[in-house]
Amino acid sequence: MVHGHSVKFMIVAVDLNKTAMGHGPWTIDHGQKSLFLRNMSISKTYEPKQTEDKWYNYWLEHNFFRSVPDEREPYTIVIPPPNVTGVLHMGHMLNNTIQDVLVRRARMKGKNACWVPGTDHASIATEAKVVAMLKEKGINKKDIGREKYMEYAWEWKEKYGGIILEQLKKLGASCDWDRTRFTMEESLSEAVIDTFIHLYKKGWIYRGIRMVNWDPQGKTAVSDEEVIRKEVNQKLYYIRYKVLSPESEVLSQNATLDSGLSTSDFLTIATTRPETIMADTAVCINPNDERYKHLHGKKAIIPLINREIPIILDEYVTMDFGTGCLKVTPAHDLNDYELGQKHGLQVIDILNDDGTLNEKAQILVGEDRFAARKKIVALLEADGYLDKVEDYKSQIGFSERTDAVIEPKLSMQWFCRMDEMAKPALDYVLKGDIKLIPDKFINTYRYWMENVKDWCISRQLWWGQQIPAWYLPNGQFVIAKNREEAFELAKGLASHISHLKSEDLTQDEDVVDTWFSSWLWPISVFDGFKDPNNDDINYYYPTNDLVTAPEILFFWVARMIMAGHEFRGELPFRNVYLTGIVRDKIGRKMSKSLGNSPDPLGLIADYSADGVRVGMLRSSPAGNDLMFDEEHCKWGRNFANKIWNAFRLVKGWEVDDRNECPNRLAIEWFESRFNQALTEIESNFSQFRISEALMATYKLVWDDFCAWYLEMIKPAYQHPIDRETYTATIAFFENILKILHPFMPFITEELWHDELFGGRSEYDCCIVAQLPTIGKINTQVLSDIEMVKQVITQIRNIREEKRISPKEKILLSAKDNAGVSYKVYESVISKLGNISSFNIVSDKVVGAVSFMVSTDEFYVPLADQLDPIAECAKLRKDKDYYAGFLRSVNSKLSNDKFMANAKPEIVEAELKKKADAEAKLKVIDENLAALACDLQ
RNA sequence: GGGAGUUUAGCUCAGCUGGUUCAGAGCAUCUGCCUUACAAGCAGAGGGUCACUGGUUCGAACCCAGUAACUCCCACCA
């Protein structure tokens with residue numbers, strides 16, 4: 001292809017030379033020559049590389065993203081803060097493209113658009129990275145202490161933090177970067193501490209022992225939402241426990257299976273976690289289980305360690321699972337814990353924080369839980385306690401951040417009560433004050449809010465906001481902002497401790513969950529805690545739209561609504577647009593391990609930011625997953641190129657000032673068509689149908705503007721265009737740039753500044769241009785041109801069928817009783833159909849190929865190419881079809897119930913269908929007769 | 001186990017209040033074109049039992065019931 005182009009250019013160059021030397025076969029006048037040179041100087045394809053950086057910097061330098069409160073209506077979006085140390089992935093690309101489209105549109109509608117960017121400190125993920133970095137240096141977190149550790153962590157954050165924000169710039173994100181916030185910066189941290197104290201005073205924050213999801217790798221508790229359950233192939237081990245009758249003597253510690261005891265002296269439990277048997281404090285059976293009636297009231301002995309445990313009864317045990325005997329391990333299983341609470345069982349925790357066994361296990365001390373599992377199975381087997389092993393599939397929880405297997409663990413944690421806050425948050429959504437888009441998420445939201453559990457907010461990490469709890473030497477604690485305040489409170493609390501000193505207080509080691517800072521985001525980014533009445537918060541809050549992923553509907557969106565209500569008495573945003581998950585083209589979720597996620601910046605380099613933006617938006621309606629395929633980006637790039645080439649065409653025109661304008665109808669048509677499309681686009685946007693709005697824009701540009709309008713008005717080669725058409729076309733083009741801008745900011749800004757559109761002052765940019773308003777729509781012209789387009793398509797069709805070159809001119813006649821005055825559109829029809837002569841005739845043209853548009857008849861005289869047999873067959877097929885159609889219409893019209901129930905306009909439409917079908921049939925019959933088809 | 005959703009062309013999806021002359025796009029396919037804006041293009045064509053079964057209705061892709069397949073969310077039967 002490339003080779004072909006260069007050849008073409010070479011020929012052209014030779015011609016030029018000839019002309020210059022004055023012995024060419026034809027001469028070019030001055031105007032044509034300049035036109036020719038101008039086209040040569042513009043690249044045939046759009047080249048985004050330089051323009052993207054150029055315009056992004058221009059926008060930045062001219063402060064177009066900057067927003068400060070003024071008299072205009074605000075439009076605000078707060079970005080869902082990505083992890084500060086994260087890198088851009090396809091999900092971010094989609095999400096932020098949508099936000100940018102919304103923000104740019106609002107800006108172009110005259111609103112004061114403010115998109116607040118920022119990042120989140122992602123305590124677990126970041127701490128994991130920092131700990132790993134320190135480990136490489138041979139440093140242990142505990143050895144250097146909290147203060148020094150935080151220095152390293154901040155250093156890390158400064159070094160790697162915010163890369164993702166730089167990447168967003170490549171996408172064209174028009175964030176107000178001056179407002180960039182970070183969830184751990186001072187004022188945001190202060191807000192976290194203040195809200196903690198506020199909620200504690202309300203009695204909504206409390207400390208308690210709970211079974212939490214323990215991440216032994218991150219060495220912290222994580223919330224339920226941060227646990228990902230996956231189905232895993234496991235083994236189910238059947239283990240024999242000796243049974244003791246209460247009346248019998250304690251068996252010899254050396255007794256084994258071989259010592260002559262019968263099997264009735266054993267019971268068998270089934271477990272996936274044999275390494276926890278040392279923590280068992282009971283065996284549980286269902287009281288209704290006939291098989292085990294003889295065990296009621298007896299005791300069992302844990303193998304290997306020979307500890308005695310009671311056999312308890314509870315209907316919780318499913319009789320038909322496993323053996324019907326359940327080992328109860330309150331310290332290491334939530335259900336067992338609850339069972340233990342109910343039955344007053346002892347709790348024995350045999351695991352260390354890192355997942356190794358502690359001395360309470362008595363055996364295998366120091367072994368990792370998974371290594372211990374293997375070893376204990378061997379020990380059990382050696383001593384004959386292992387009955388059998390089965391393959392078994394079950395769900396295991398993994399830590400979202402570290403992918404470690406979650407260990408249920410009892411520990412002292414801080415909790416936030418959710419019930420009171422959930423109620424108003426639910427109401428906002430149920431009443432429609434906050435809209436979820438799509439609304440199918442309302443049900444999910446409601447379910448969660450009605451079944452909300454208390455939120456475990458403490459994390460055993462250092463990277464984050466330290467919990468403002470201060471402990472007295474006697475174990476009592478106070479909640480205070482700092483040591484001084486804590487000391488004051490502590491003095492009151494512990495007046496009996498006469499010599500309590502400030503230094504005696506120790507602050508809680510833990511930090512709060514990252515979500516405990518992100519739930520304040522829409523308020524804290526405007527300093528709404530520090531200064532609740534400042535201009536920013538009063539102006540920008542509540543924000544307008546939130547664009548995020550449904551995965552975090554609960555732990556982020558719902559909590560922001562709670563915080564908004566609790567701390568400002570107002571909702572934080574009005575619309576929540578939930579994007580889908582970006583998957584690969586065969587439907588797999590994009591993930592690092594699968595390696596199926598393309599590099600976003602690579603895509604931008606290959607297909608342009610504009611191309612990737614529209615490629616992503618194309619097939620991603622709200623809430624639907626996006627099956628990503630690079631082909632979409634290619635489509636986007638081609639679209640940009642199409643716009644570029646439309647520009648090249650118009651740019652190349654010479655204008656003359658003759659007084660005639662041959663294109664008034666085309667101009668009027670496109671104007672109406674533009675306004676019609678604008679109506680659709682507005683309507684789509686108002687319903688957040690962004691991909692549909694894009695498609696409507698695409699069709700307007702590609703089909704209506706390029707394929708039809710420009711072809712209609714395009715002057716013949718080497719001919720100038722009239723001033724009136726030119727001016728109108730430039731105006732259309734400018735409007736097209738405007739409506740394209742939110743989707744494709746770079747190419748539109750680039751073209752906007754071309755001299756084609758007149759001189760632009762420094763601040764006259766597409767990004768701040770005002771979107772066109774909907775103007776008049778001439779429906780008559782719209783429908784007429786639709787018919788004209790059909791005529792042209794039919795002509796092209798005949799050319800294709802009859803193998804007539806598009807270059808060959810043909811004749812066309814139309815019957816004079818047509819519904820549309822086609823003669824008015826003669827120039828359009830002749831030009832696009834390449835018609836040499838267009839006549840209106842009163843009689844059928846014999847020996848012509850005929851076609852119909854609606855009920856209007858057209859003839860293309862092609863006597864020599866006419867195949868009467870084929871024509872007759874075609875006519876008969878049409879006749880059959882229309883006859884059948886007429887029958888169905890007539891059956892409706894003769895149906896009394898239809899006539900009685902259908903709306904009048906429907907009946908009218910049916911009557912029109914009937915008349916049209918009859919007219920068509922009449923014409924078909926005439927044509928059949930004219931061709932003497934009866935004889936064929 | 002509970003809940004929600006999806007099922008329309010080979011693929012990805014529209015189809016909004018049940019009612020246009022045969023249910024629409026894009027991609028892919030086929031045919032013909034290097035036609036002076038664009039081969040990243042132009043012109044044209046083919047392609048559908050709207051998952052299945054029943055019901056409501058004058059009329060169903062659309063409403064209702066059932067069935068099947070898939071997806072997601074919630075729920076820790078060891």
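Source: prediction; values computed, not measured. Residue numbers begin at 1 in each chain, while the letters A, B, ... track the order of the sequences.
With hydrogens and angles ignored, no donor-acceptor pair under 3.5 angstrom links the side chain of E692(A) to the base of rA25(B). Taking only distance into account, the side chain of K642(A) meets the base of rC38(B) through a donor-acceptor pair shorter than 3.5 Å.
In this structure, W635(A) does not reach the rA28(B) phosphate: none of its side-chain N or O atoms is under 4.0 Å from OP1 or OP2. Distances shown here put a side-chain N or O of R796(A) below 4.0 Å from the OP1 or OP2 atom of rG44(B). Regarding contacts with the backbone of rA37(B), a side-chain N or O of K714(A) is found under 4.0 angstrom from either OP1 or OP2. For T793(A) and rG44(B), the shortest distance from a side-chain N or O to OP1 or OP2 is below 4.0 Å. A close approach under 4.0 Å does not occur between any side-chain nitrogen or oxygen of R637(A) and OP1 or OP2 of rG41(B).
Looking at heavy-atom distances under 4.0 Å, Y882(A) makes contact with a base. Note on A900(A): nothing from the nucleic acid sits closer than 4.0 angstrom, heavy atoms only. A646(A) comes within contact range of at least one nucleobase, with a heavy-atom separation under 4.0 Å. Counting non-hydrogen atoms under 4.0 angstrom, K802(A) reaches nothing in the nucleic acid. Using a 4.0 Å heavy-atom distance criterion, Y447(A) is classed as a sugar-phosphate-only contact. As judged by a 4.0 angstrom heavy-atom cut-off over every strand, R803(A) is placed among residues touching the sugar-phosphate backbone only. As judged by a 4.0 angstrom heavy-atom cut-off over every strand, T318(A) is placed among the base-contacting residues. V317(A) comes within contact range of at least one nucleobase, with a heavy-atom separation under 4.0 Å. Y392(A) comes within 4.0 angstrom of the backbone, heavy atoms only, and of no base. Within 4.0 Å of S854(A), counting heavy atoms only, lies no atom of the nucleic acid at all. Backbone-only engagement by N895(A) is indicated by non-hydrogen atom pairs under 4.0 Å involving sugar-phosphate atoms exclusively.
Under the Watson-Crick or G-U wobble criterion, with both distances below 3.5 Å, rA25(B) is paired with rU12(B). In this structure, rU31(B) forms a base pair with rA43(B), meeting either the Watson-Crick or the G-U wobble geometry with both donor-acceptor distances under 3.5 Å. The partner of rA78(B) is absent, by the rule that a Watson-Crick or G-U pair needs both atom distances under 3.5 Å. When both pairing distances are held under 3.5 Å, rA60(B) makes no Watson-Crick or G-U pair with any nucleotide shown. Base pairing annotation: rA4(B) forms a Watson-Crick or G-U wobble pair with rU71(B), both donor-acceptor distances under 3.5 Å. rG48(B) is unpaired under the Watson-Crick or G-U wobble criterion, no partner having all donor-acceptor distances under 3.5 Å.
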- Task: Just do the side chain to side chain contact (heavy atoms under 4.5 Å, CB included) check on V283(A) and V328(A) with the steps written out, would you?
- Result: CA-CA 6 Å; V283(A) 167; V328(A) 184; 5.9 Å; no
- Could you walk me through whether L710(A) and V650(A) pass the side chain to side chain contact (heavy atoms under 4.5 Å, CB included) test, one step at a time? CA-CA 9 Å; L710(A) 289 179; V650(A) 177; 4.2 Å; yes
- Message: Assess the residue pair D387(A) and T268(A) against the criterion (side chain to side chain donor-acceptor pair (under 3.5 Å)); give the C-alpha distance rounded to whole Å, side-chain angles, the decisive distance to 0.1 Å, and a yes or no.
- Response: CA-CA 8 Å; D387(A) 186 29; T268(A) 307; 4.5 Å; no
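Aromatic ring pairs are classed by plane angle as parallel below 30°, tilted from 30° to 60° and perpendicular above 60°; the pair Y882(A) and F885(A) is perpendicular. Between F628(A) and H632(A), the angle of the ring planes goes over 60°, which puts this pair in the perpendicular group of the 30/60° scheme. Taking the six-membered ring where tryptophan is involved, the planes of W644(A) and Y46(A) are tilted, since the angle between them lies from 30° to 60°.
Checking rU35(B), rG41(B), rG44(B) against the side-chain heavy atoms of N638(A) singles out rG41(B) as nearest. Counting only heavy atoms from C-beta on, K44(A) has its side chain closest to rA39(B) among rA25(B), rA37(B), rA39(B). Listed candidates were rG32(B), rU35(B), rA78(B). Nearest to the side chain of P806(A) is rU35(B). With rU12(B), rC73(B), rC22(B) as the choices, the nucleotide that has an atom nearest any side-chain atom of F554(A) turns out to be rC73(B). Looking at the side chain of C706(A), the nearest of the listed nucleotides rG44(B), rG19(B), rA37(B) is rA37(B). Considering only the side chain of T45(A), rA40(B) comes nearest among rU35(B), rA40(B), rA78(B). Listed candidates were rU31(B), rA37(B), rC72(B). Nearest to the side chain of E800(A) is rU31(B). In this structure, of rA45(B), rA78(B), rC38(B), it is rA45(B) that holds the atom nearest to the side chain of N797(A). Taking only side-chain atoms of L334(A), from C-beta outward, the nucleotide of rU31(B), rC76(B), rA37(B) with the closest atom is rC76(B). Residue F898(A) places its side chain closer to rG19(B) than to any other of rG19(B), rC38(B), rG32(B).
Annotation for E551(A): atom CD counts as buried by contact number, over 12 foreign heavy atoms lying within 6.0 Å.
Taking atom CG on L626(A) and atom C1' on rA14(B), their separation rounds to 15 Å, with Å as the unit. We find that CG of L236(A) is positioned 11 Å from C1' of rC77(B), with the value rounded to whole Å. If you take CG of L410(A) and P of rC76(B), they are 16 Å apart, rounded to a whole angstrom. Rounded to an integer number of Å, the gap from CD of E551(A) to P of rU71(B) is 17 Å. At whole-Å resolution of the value, CD in E786(A) and P in rU20(B) are 18 Å apart. Atom CD1 in I228(A) sits roughly 14 Å away from atom C1' in rC73(B) (whole-Å rounding). Rounded to an integer number of Å, the gap from OH of Y316(A) to P of rA78(B) is 8 Å. Distance, E680(A) CD to rG15(B) P: 14 Å, rounded to whole Å.
As rounded to the nearest Å, rU53(B) and rC58(B) have C1' atoms that lie 23 Å from one another. Spacing of C1' atoms, rC62(B) relative to rG1(B), comes out at 32 Å, to the nearest Å. With C1' as the reference atom, rU7(B) and rC13(B) are 13 Å apart, rounded to whole Å. For the C1' atom pair drawn from rG59(B) and rU17(B), the interatomic distance equals 15 Å after rounding to whole Å.
Heavy-atom nearest nucleotides on RNA chain B were determined for Y698(A) and for K440(A), and the one closer to the 5' end corresponds to K440(A). Nearest-nucleotide positions on RNA chain B place D625(A) closer to the 5' end than the other of E711(A) and D625(A).
Here the options are Y698(A), F732(A), F733(A), the test is ring-ring contact (aromatic ring centres under 6.0 Å, His included), and the partner is F705(A); only F733(A) passes.
A donor-acceptor pair under 3.5 Å links the side-chain atoms of N286(A) to the main chain of N288(A), judged by distance alone.
Between the NZ atom in K440(A) and the CG atom in N443(A) there is a gap of 11.0 Å [rounded to 0.5 Å].
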